[in-house]
A.B. asks: 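Dumping the structure here so I can ask a few things about it.
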Amino acid sequence: MKCRSVGCVWSESPPVHKVTATVVLDRPPTLYTGGSDGSIFWWNLSSSLDHDIKPVAILCGHTAPISDMGICSPSSTVGDDNETDSSNVAPQSSSVNYGSLISACTDGVLCVWGRDTGHCTRRRKMPAWVGSPYMVQPLPGNNRYVCVACRFIDPVNLIDHQSLDSTEHHEPQSNKPSKCTVVIIDSYTLTIVQTVFRGTLSIGPFEFMSIVTPFSDMDKESVLIADSFGNVQCVPLLKDTDRNEDITDDSQKNSRHLEMSDWVQESSEGEHPISFAASGQVLAVLYTTNCVFKLVDRNAKVGEISLLEDVNLSRHDVAGCLFLGREENINIFVETFAVWNNKGYVIMYTISYSGQIFKYAPLCAVPAVSHPPNVELSFSFILMNQNLVRVESICLHTGEPVHWKPLITIWEICDNDEKFYQECRLVAKGSYFDEWFVDQENIAQTSNGNDSKERVVTSSMVISENDSSPYAIVYGYDSGQIEVLRFNMFSENADTQEVDSCASKQYLSGHTGAILCLAAHQMVSNSRGFNSNIFLISGSMDCTIRIWDLNSSNLVTVMHQHVQPVRRIILPPSHTDSPWSDCFLSVGDDACVALASLETLRVERMFPGHPYVPSKIVWDSTRGYLACFSLNHTATSDSSDVLYIWDVKSGARERVLRGSAAHSMFDHFCMSGNKNNTSAGSMERNNTSTSSLVMPVIEDTQVSQSHTNTPEKGASSSDFSREHPITCSCPFPGIATLTFDMTSLMSLRTKSFERQNDAIGRTLVEESESVQNIQYPVSTDSGNASQETLTDTTDYTDWAHSLEGSLFRFSLSVLHLWDVDYELDKLLVSEMKLKKPKNFFVASGLLGDRGSLTLTFPGQSATLELWRSSSEFSAIRSLTMVSLAQHMISLSHSCSSATSALAAFYTRQFAEKFPDIKPPLLQLLISFWQDKSEHVRMAARSLFHCAASRAIPHPLRNNKSDDANKSNGGAENISENISLDSSKDNSEMLAWLESFERQDWISCVWGTSQDAMTSHMVVAAALAVWYPTLVKPGLAMLCVHPLLKLVMAMNEKYSSTAAEILAEGMESTWSLCIGSEIPRIISDIFLQIEHVNGASAKPTTHGSDTFLEIQESLVGILLPSLAMADVPAFLHVIERQIWSTASDSPVHIVALMTLIRVARGSPRNLAPYLDKVVNFILQTMDPGNLAMRRSCLQKSMATLKEVVRVFPMVTLNDSSTRLAVGDAVGDINKAIIRIYDMQSMTKIKILDASGPPGLPTLLGGASDSTPKTAISALSFSPDGEGLVAFSEHGLMIRWWSLGSMWWEKLSRNLVPVQCTKLIFVPPWEGFSPTSTRSSIMASVMGNGKHFSQDNTRDLSELDRLKLLLHNLDLSYRLEWVSGRNVLLKRHGQELGTFQL
């Protein structure tokens, strides 16, 4: 698992966004707008009550124009019986709450975005044979599956997808059939499950797609395809969508071809359609003067609407149409239909059709917008609840590129009962553009006199110095100016910087055109004496390349190797030899590639002659070749694609390949050795302006479409190295992301300490290994010892200005939510030396699948909205901040107040200030309970317990109701209702425990589907143990057996956690569920240990540390808890293991270690079985079994000494040759003491410790046969000639005077020997047979009643034994003072001295 928090830095200029696709989700109302640059804006429409619409975040997953978006359901949700609507119109059913957003762009990338979290749960690229996605529509019957219609860009159809929203409608050049593909996609895996159509349409160029319900003689759903001439073709779908079954090109033979040429000619007089809309079996075709409605099944015209009747509509060109919603009526088709023009004017009609009668009437209208004539407009409309949302894109012609900004307005659709329709009422309006600089006047003044609103960021990048820390962010503007935002915390003169300044700005001027590409390179060594300076390389629309020295902000040189704009700059691959390591490639629109040197400052090689601009370039530094791949986007096949292979050293063109050979050879270049050296793939440093969202040139075919255990294998360029604590990228121009890796940040101190103190570190490791026993080391947190050492020797101020300290302070400065708790902010600035970001915009983000990102807009409101909507973000950000705070506490106590306040803020206080934020996701927190860092583990557990009461999943929560009080039925009905409710609760809980689909959080931490199921079960078990009253009663029984299976599975992520939870709740929860299975479970654990560590086990090297940690959880945590829960069963199993396993088996050592833990953790439960415990220990030291004695002697002696230490009724003589074991509890008339010879490990004598006749009964009891305390303490005399025993029951001291010769001559006769002397101990002050301990037990077992002699008779035999064990006093000690005088102690206090 990986915990990575994302911070986002925005530029001064707002992002450009031309809307090409829209979709709406309701409850809460949410609008998504897809842009021409691949960005998707997430708008919160729930704020429309305040008449102010604000964007929440930008969804970064595409680099090409968004062609279409839709609502899907990646999997069924527990408790959701309905399916979401397939259209873009938000349905009125509540099931839309479970929908997810699916988006497609023109380069074939599909993304699925979580409904609540807004982050990408799945990101995949479709195969090249599919084509370019054009329209997306979920299947009406099952929204998990999505129909995607793709088309190929050819000379007939060169119009970009975004032209659908443009005011200009291009006339199709011909009705030549075009190539098209229609596939069904599984939205959970984004794999193709069915190919509906692939080939050439029998109609013209593809323009529209819709799914229609079965009609006429067709018994299945069909895909309706319309061309730019109004012709329609229907292709049927397979009935079983789940089958991975393809339909080949012959599918069009079975399709139903409905050519509507007669209708087109009759209704439009040869006009070409402008737009299409479909509702059920009714297809609407919009023309310039009218709109025609047609039934698809009968090829019959229903009716038409004349657009000339409305003067406001016909005043400008008609742009589009849309069905807004259909009334539920079987006999009559009733719909609301909207038509708009290119000025945003909308008129809505109510249309109805029954039989042969078609009626329509104007309903209401939305007024047009007013803008200057030179402003270009684009409109999209969509229905949200009962309101119409108008998405307006405004283009300000300010040069290259044009600046598009969106404007959202919501209009209330009113019912018109009057004769003339009325104008809709404006409900809400919003745009981020106008308010971008409202609170940032100081920033606008620092822009060198330029108007920040007029500038557009055309290129940007983040410079990372030495791959460890961000150095600066560089923005290139359309004006040619370059802005460098340098972070002060990592500069050498950070101490002299302004205290409250986190970054400084500088500007570079010289270009006369827009900046199109940027790159940064650090010179290692050169002959000109630049001494490792960082150089910035910029390419522009002015066809020049400028090289800047960032240290001095001076221009180094200007290069003119291109005659057209410079589009890309490519740095050399890593490990490139000199002098090529200080060179770079530039690609221009002149289709020329140039190689220039930063050392000589001149162009060294030119690679001209490409037929098209190379779109993909591979620089193979190992073999010295350059592969330039030129794609012909205007061709119908790949035969015109060309691959040029160049020799970098000589500049000669080695080979030219075309068609499929070019594709195969380029794939070979990408897969051989230098996969990451493509301009369209990942960069070795990320120090270029190439978008981090660009997918790899070659997808790894071995990567499963489902979540795998190695999701990074096929990841894109923004999947980061584990060694970098902060990774930088730029998904879009003007947006920089900083990803903070918790694992790398936590390991900085350890790595630094190991480098500086390697010899000391080796010594510490050797010492720790010598202390740990055999193959069961105690798991420790790496680096903790070094941290403690450095805490005592390093001053915080010196550490804070080191690289490590700078990284920590910078991380906290960027990730902290400022201006929420002002007192905390003051502490962070004054004590921890943090610097609040003031002269740049900082926002939050969430990492998604394959490098996708969800980034909030600047401002506290957008960040808080992400806290309110995403429990995944809440968990990751809280875990990061609390872990960093706890790590800082361990480093220095001088800032403990600030770090403690920071940890408390993200643990409790933040939720108290904003009760509506989502609690951290418990499943995500559970996954970090076994993290390598102790601080991360502790933070995850603290957050879990703080959030558990608020974050219990709904299927598990115990919702108390008053139905029982309100019920008027009898007891039988109530009992029946309770039984039904219990059965329903169990089914809901079981469905939740077994669910693994649609778990959005697993893509946030690089998890798998197995993690989803496992975390569900672990969370349920933890809640059942720690919060049993908040969850449903049957939860423990449902999850106990899967939890046991998880422990035995030896899963490196969860087995240790499962073992801890089982051990924690064994006595209170699990023993009631698995009481009879405990012996089998103990045997299984021993069997697991035997298989893994036995003599026949194969040695394993992979993950040995993790495996040993899991084994320690089994041996050190779970097994002792099972033994404490059922001591007789445990003793029976380990006695059986003596004979059923090998003599040198590790299970014997495990059993001895478990006995030590049980003796320490629950000694009273072990007291009745001391004879069996001692017998087992002595068996492991049997001289007759040398193999077992050799392997167990050391651990056996340690166990025996621990038993002697804990239990006063077990004692060794001074020479450790004799062992005495007395009955702790039992029948007072049968109590004995066993004497063992430690040489032969055999029993040599039994001493009679039964009560003498006339024993006074000082402790109440029911009968003489009732178990009582027998022997309370034993002690051998110093000379070894006697044994003294004390019994609390009867207050007696017994003395056996046995001469040493008698011991030697003693035969093996086991006849009990009577004591030599009996002394009665007088009761001491405070002694009472019904003491406080009985009262405590009474409060637990007897409802607060004291267990006197009368009411103990009412207890069962088992309860009497439990009460006796609870009251068993193990604090008695017998000490020899002088001669034959013995001192009796209790709890360290002397009770008296007695002479024997």
Side-chain angles (χ1 to χ4, degrees), residues 1148 1152 1155-1156 1159-1160 1163 1170-1186 1188-1224 1232-1249 1271-1287 1293-1317 1370 1372-1385 1393-1396:
H1148 307 311
L1152 293 169
L1155 284 175
I1156 293 177
R1160 293 174 180 174
L1170 286 177
D1171 56 335
K1172 293 186 177 181
V1173 172
V1174 171
N1175 185 55
F1176 172 78
I1177 297 174
L1178 296 180
Q1179 280 184 315
T1180 60
M1181 297 187 291
D1182 185 5
N1185 192 338
L1186 293 179
M1188 182 181 295
R1189 181 181 176 89
R1190 189 183 305 111
S1191 62
C1192 301
L1193 181 60
Q1194 183 180 1
K1195 183 60 66 177
S1196 298
M1197 287 303 300
T1199 307
L1200 184 60
K1201 290 179 180 179
E1202 183 65 22
V1203 171
V1204 172
R1205 184 192 67 84
V1206 174
F1207 297 98
M1209 60 285 300
V1210 181
T1211 183
L1212 275 168
N1213 62 356
D1214 293 343
S1215 60
S1216 297
T1217 58
R1218 298 289 183 266
L1219 174 67
V1221 182
D1223 291 338
I1232 59 174
I1233 300 173
R1234 300 163 185 84
I1235 307 298
Y1236 295 89
D1237 179 23
M1238 295 300 295
Q1239 300 297 328
S1240 61
M1241 305 299 170
T1242 58
K1243 186 189 304 181
I1244 59 176
K1245 201 61 182 175
I1246 294 178
L1247 306 182
D1248 187 0
I1271 306 298
S1272 300
L1274 287 176
S1275 179
F1276 279 102
S1277 60
D1279 56 4
E1281 295 184 0
L1283 181 69
V1284 63
F1286 169 72
S1287 298
I1293 292 181
R1294 294 180 177 89
W1295 164 249
W1296 285 267
S1297 179
L1298 309 172
S1300 59
M1301 297 299 295
W1302 185 86
W1303 284 97
E1304 298 295 335
K1305 296 180 180 179
L1306 186 64
S1307 64
R1308 298 295 175 174
N1309 187 5
L1310 299 181
V1311 176
V1313 179
Q1314 296 293 331
C1315 63
T1316 305
K1317 189 175 183 179
L1370 299 177
Y1372 289 106
R1373 293 296 183 271
L1374 290 171
E1375 298 181 3
W1376 295 84
V1377 289
S1378 61
R1380 288 180 176 266
N1381 294 328
V1382 65
L1383 175 63
L1384 178 62
K1385 288 184 177 182
T1393 303
F1394 305 92
Q1395 186 176 5
L1396 304 177

A.B. asks: Heavy atoms only: give me the nearest S1272-P1208 pair and the separation to one decimal.
C.D. replies: O-CG, 3.2 Å

A.B. asks: Decide yes or no for S1297 and K1317: does some side-chain heavy atom of the first lie under 4.5 Å from some side-chain heavy atom of the second?
C.D. replies: no

A.B. asks: Among D1237, T1211, N1213, which residue satisfies the side chain to side chain donor-acceptor pair (under 3.5 Å) criterion with R1218?
C.D. replies: D1237

A.B. asks: Give me the atom names and distance for the closest heavy-atom approach of A1159 to V1206.
C.D. replies: O-CG1, 3.5 Å

A.B. asks: Of the non-hydrogen atoms in A1224 and M1209, which two are nearest, and what is the gap between them?
C.D. replies: CB-CE, 3.9 Å

A.B. asks: Within this structure, what is the CE-OG1 distance for the pair M1197 and T1180, rounded to the nearest 0.5 Å?
C.D. replies: 10.0 Å

A.B. asks: Please report the interatomic distance CG(D1182) to OG1(T1242), rounded to the nearest 0.5 Å.
C.D. replies: 9.0 Å

A.B. asks: Roughly how far, to the nearest 0.5 Å, is NZ of K1201 from CD1 of I1177?
C.D. replies: 12.5 Å

A.B. asks: Please identify which of these residues, D1223, V1313, D1248, L1283, meets the side-chain contact (heavy atoms from CB on, under 4.5 Å) condition with I1233.
C.D. replies: L1283

A.B. asks: For F1276, is there any backbone N or O sitting under 3.5 Å from a side-chain donor or acceptor partner on W1376?
C.D. replies: yes

A.B. asks: With a 4.5 Å limit on heavy-atom distance, are the side chains of M1238 and L1178 in contact?
C.D. replies: yes

A.B. asks: Could you check whether any side-chain N or O of W1296 sits under 3.5 Å from a backbone N or O of V1284, counting only pairs where one atom can act as donor and the other as acceptor?
C.D. replies: no

A.B. asks: Which atom pair, heavy atoms only, marks the closest approach of V1210 to V1204?
C.D. replies: O-CG1, 3.6 Å

A.B. asks: Please examine the side chains of I1246 and V1311, heavy atoms only from C-beta on, and report whether any two atoms are closer than 4.5 Å.
C.D. replies: no

A.B. asks: Say you draw a straight line from CD1 of I1271 to OH of Y1372; how long is it, rounded to the nearest 0.5 Å?
C.D. replies: 13.0 Å

A.B. asks: Quick check for you: to the nearest 0.5 Å, what is the distance between L1152 atom CG and K1195 atom NZ?
C.D. replies: 8.0 Å

A.B. asks: With no hydrogens and no angle check, is any side-chain donor or acceptor of R1189 less than 3.5 Å from a backbone partner on M1181?
C.D. replies: yes

A.B. asks: Surrounding CD of E1375 (heavy atoms of other residues, nucleotides or ligands, distance under 6.0 Å), is the total greater than 12?
C.D. replies: yes

A.B. asks: Could you grab the distance from atom CD1 of I1232 to atom CG of L1247, nearest 0.5 Å is fine?
C.D. replies: 9.0 Å

A.B. asks: Are any non-hydrogen side-chain atoms of Q1314 and R1294 less than 4.5 angstrom apart?
C.D. replies: no

A.B. asks: Do V1203 and L1155 have side-chain heavy atoms sitting under 4.5 Å apart?
C.D. replies: no

A.B. asks: Taking side chain as C-beta onward, heavy atoms only, is S1275 less than 4.5 Å from V1382?
C.D. replies: no

A.B. asks: I need the minimum non-hydrogen distance between V1221 and V1174, along with the two atoms involved.
C.D. replies: CG2-CG2, 3.7 Å

A.B. asks: Which pair of non-hydrogen atoms, one from P1183 and one from S1240, has the smallest distance, and what is that distance?
C.D. replies: CD-O, 4.0 Å

